Every structure is written in C-alpha cells, then in structure tokens.
Amino acid sequence: LYKRFVVGNEKGTEGRLDKNAAALWMARDYPVGVGLNQFSLLATSPYKYAQAYERDMPDGMNYRAPVHNIYLLVAAETGWWSVPFFLLILVVPMRWALHESRRSPDSNTRAFTGGAMAMMLAVTVHGMLEYQLRVANIWFVYFAVVGALAAAKYHNDVEAAAPAATAAVTAPPTGAEVPAAARAWS
C-alpha cells in the first residue's frame, strides 16, 4: 500500500492518461459512440487508437481494460449525447437525498438519506478515477439504495400531505361516525 499511494505507480498513471487520451479521441471521431464494450477492442492494435499508448507498459499491465473514467467511457462507447442522461441517473437521486435529509422530521430518515447521498456522491466522484459503474454488482447496490430512498421520499410525502388525515385515521370512530350498516354487524 505504501508504494501504491505514497511512492506512486508512474507507469500505471501514464497508462491511465493514455487510455483517457484514447477515449477522448474515440469520442471525437464517433459522436454517437463506438458501441457498448468496444473501447477495449478499439484501444488495441491494429486500430489507430492504440497509438495513444505511446509509453512502454509495465509487465502484467492489462491492455484490454477500459478507460479508468466512467464518464469518458460512456462518451467513447455511446457518444457525447448520452453523458447528460447518464449524469441524470446519478444526480437526480442525490438531489432527492439532499431534499429528504433536510425536510424529514424523523432523525432515522435524515440519517439514512444523508448516508445515501454520501454514498452516491462518493460513487459519482470515484467514477472519474475508475470504471466501477460498469460492474453490475455496483449498480445492484446503487439502485437498492435509490429504491430505499424513493420509499423514504414517498413516506415523507404522505406524512407531509395529510397530517390531519393521518390523525383522523388513527382516531377511534364514535358511534355517530360509523354507518348504520356497519353498526348492525358489530
């Protein structure tokens, strides 16, 4: 770990920069993208994007790995037009979480939504350095959290919309409020 984070891995960093350059080159050449899962193929010889790998790569370096920036990967494989839609998938739930963490009267809901927002922000920022959002397991967890967040939002909406209705539902009915047909069965 010391070598990885303190001393650094110069060749690995150079390799990432080269892949970034190849992704930008592809996105510029193909405005609608090169196709899903095609970056790794086109970034190697005999294709012209392999020229972006000018430096000698260290032994064991995975030439077939995609660019380590999910946003550049989305731009290269599906085109620049898809990047805003991809960002919406990430930003809209974060906005929900921020809104719900501020308005919820329940401390547990505030804690959950604050934690959900922190997780989604970390995934979004980490996407600039890695392609983890290409892995299905990350999406499963991400959308499970988004689903729980949507449930918290729905709960807060129901609570905020009908405090009087909630009180009326929980209050025991008096004889005058119970219809005659219902009194007959009791």
Side-chain angles (χ1 to χ4, degrees), residues 1-2 4-6 13 16 19-20 23-24 27 31-33 35-37 39 65-183 185-186:
L1 285 176
Y2 176 77
R4 170 92 170 136
F5 294 110
V6 177
T13 302
R16 286 176 185 234
K19 287 181 181 190
N20 287 350
L24 287 170
V32 294
L36 292 175
N37 296 323
F39 175 85
V67 61
H68 284 59
N69 182 321
I70 192 66
Y71 309 107
L72 291 178
L73 184 63
V74 168
E77 291 188 342
T78 60
W80 286 110
W81 65 272
S82 64
V83 174
F85 295 106
F86 183 73
L87 287 172
L88 280 176
I89 294 171
L90 301 174
V91 172
V92 168
M94 277 194 290
R95 188 177 181 288
W96 287 354
L98 179 63
H99 180 70
E100 297 307 315
S101 68
R102 290 181 174 170
R103 80 172 185 140
S104 179
D106 180 30
S107 63
N108 290 331
T109 303
R110 283 194 312 271
F112 167 73
T113 55
M117 189 181 81
M119 182 277 296
M120 289 184 282
L121 182 62
V123 166
T124 302
V125 171
H126 190 246
M128 291 186 280
L129 304 171
E130 197 60 65
Y131 56 91
Q132 83 284 359
L133 287 174
R134 192 176 189 201
V135 178
N137 295 345
I138 301 295
W139 280 114
F140 295 152
V141 172
Y142 185 85
F143 282 117
V145 170
V146 169
L149 182 60
K153 182 178 182 335
Y154 175 77
H155 174 75
N156 286 341
D157 288 345
V158 168
E159 290 291 320
T166 304
V169 169
T170 58
T174 61
E177 296 170 349
V178 178
R183 281 194 298 265
W185 288 95
S186 54

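All residue numbers refer to positions in the sequence shown, counting from 1. This is a predicted model, so every value here is computed, not measured.
The two atoms that bring Phe39 and Ala76 nearest to each other are CD1-CB, 4.2 Å, heavy atoms only. Taking all atoms of both residues into account, the shortest heavy-atom contact from Asn20 to Val67 is OD1-CG2, 3.0 Å. The minimum heavy-atom distance between Pro93 and Leu88, with the atom names listed, is CD-O, 3.8 Å. The two residues Ile70 and Phe86 come nearest to each other via the heavy atoms CG1-CZ, 3.8 Å.
Between the side chain of Ser104 and the main chain of Ser101, no donor-acceptor pair closer than 3.5 Å is present. The backbone N or O of Asn69 sits nowhere less than 3.5 Å from a side-chain atom of Arg16 that would complete a donor-acceptor pair.
With Met94 as reference, Leu121 is the one residue of Val123, Val146, Leu121 to meet the side-chain contact (heavy atoms from CB on, under 4.5 Å) rule.
A salt bridge between Glu77 and Arg134 is present, with a side-chain N of the basic residue lying under 4.0 Å from a carboxylate O of the acidic one. Taking the charged nitrogens against the carboxylate oxygens, Arg103 and Glu159 have no contact shorter than 4.0 Å, which rules out a salt bridge.
In this structure, Asp106 has no salt bridge (charged side-chain N to carboxylate O under 4.0 Å, His left out) partners at least two apart in sequence or on a different chain. Arg110 meets the salt bridge (charged side-chain N to carboxylate O under 4.0 Å, His left out) test with no other residue; sequence neighbours excluded.
Atom CG of residue Leu73 and atom NZ of residue Lys19 lie 10.5 Å apart, to the nearest 0.5 angstrom. A distance of 10.0 Å separates CD of Glu100 from CZ of Arg95, quoted to the nearest 0.5 Å. Atoms CZ and CG, on Arg102 and Asn156 in that order, are 14.5 Å from each other to the nearest 0.5 Å. The structure places CG of Leu133 at 7.0 Å from OG1 of Thr124, a figure rounded to the nearest 0.5 Å.
In this structure, Phe143 and Ile89 have side chains that are in contact, with non-hydrogen atoms separated by less than 4.5 Å. Between Met120 and Leu149 the shortest side-chain heavy-atom distance falls below 4.5 Å.
Aromatic ring pairs are classed by plane angle as parallel below 30°, tilted from 30° to 60° and perpendicular above 60°; the pair Phe85 and Trp81 is perpendicular.
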Next on the checklist: For a side chain to side chain contact (heavy atoms under 4.5 Å, CB included) check, start with the C-alpha distance between Trp80 and Val83, then their side-chain angles and the critical distance, and finish with the verdict.
Outcome noted: CA-CA 6 Å; Trp80 286 110; Val83 174; 4.3 Å; yes
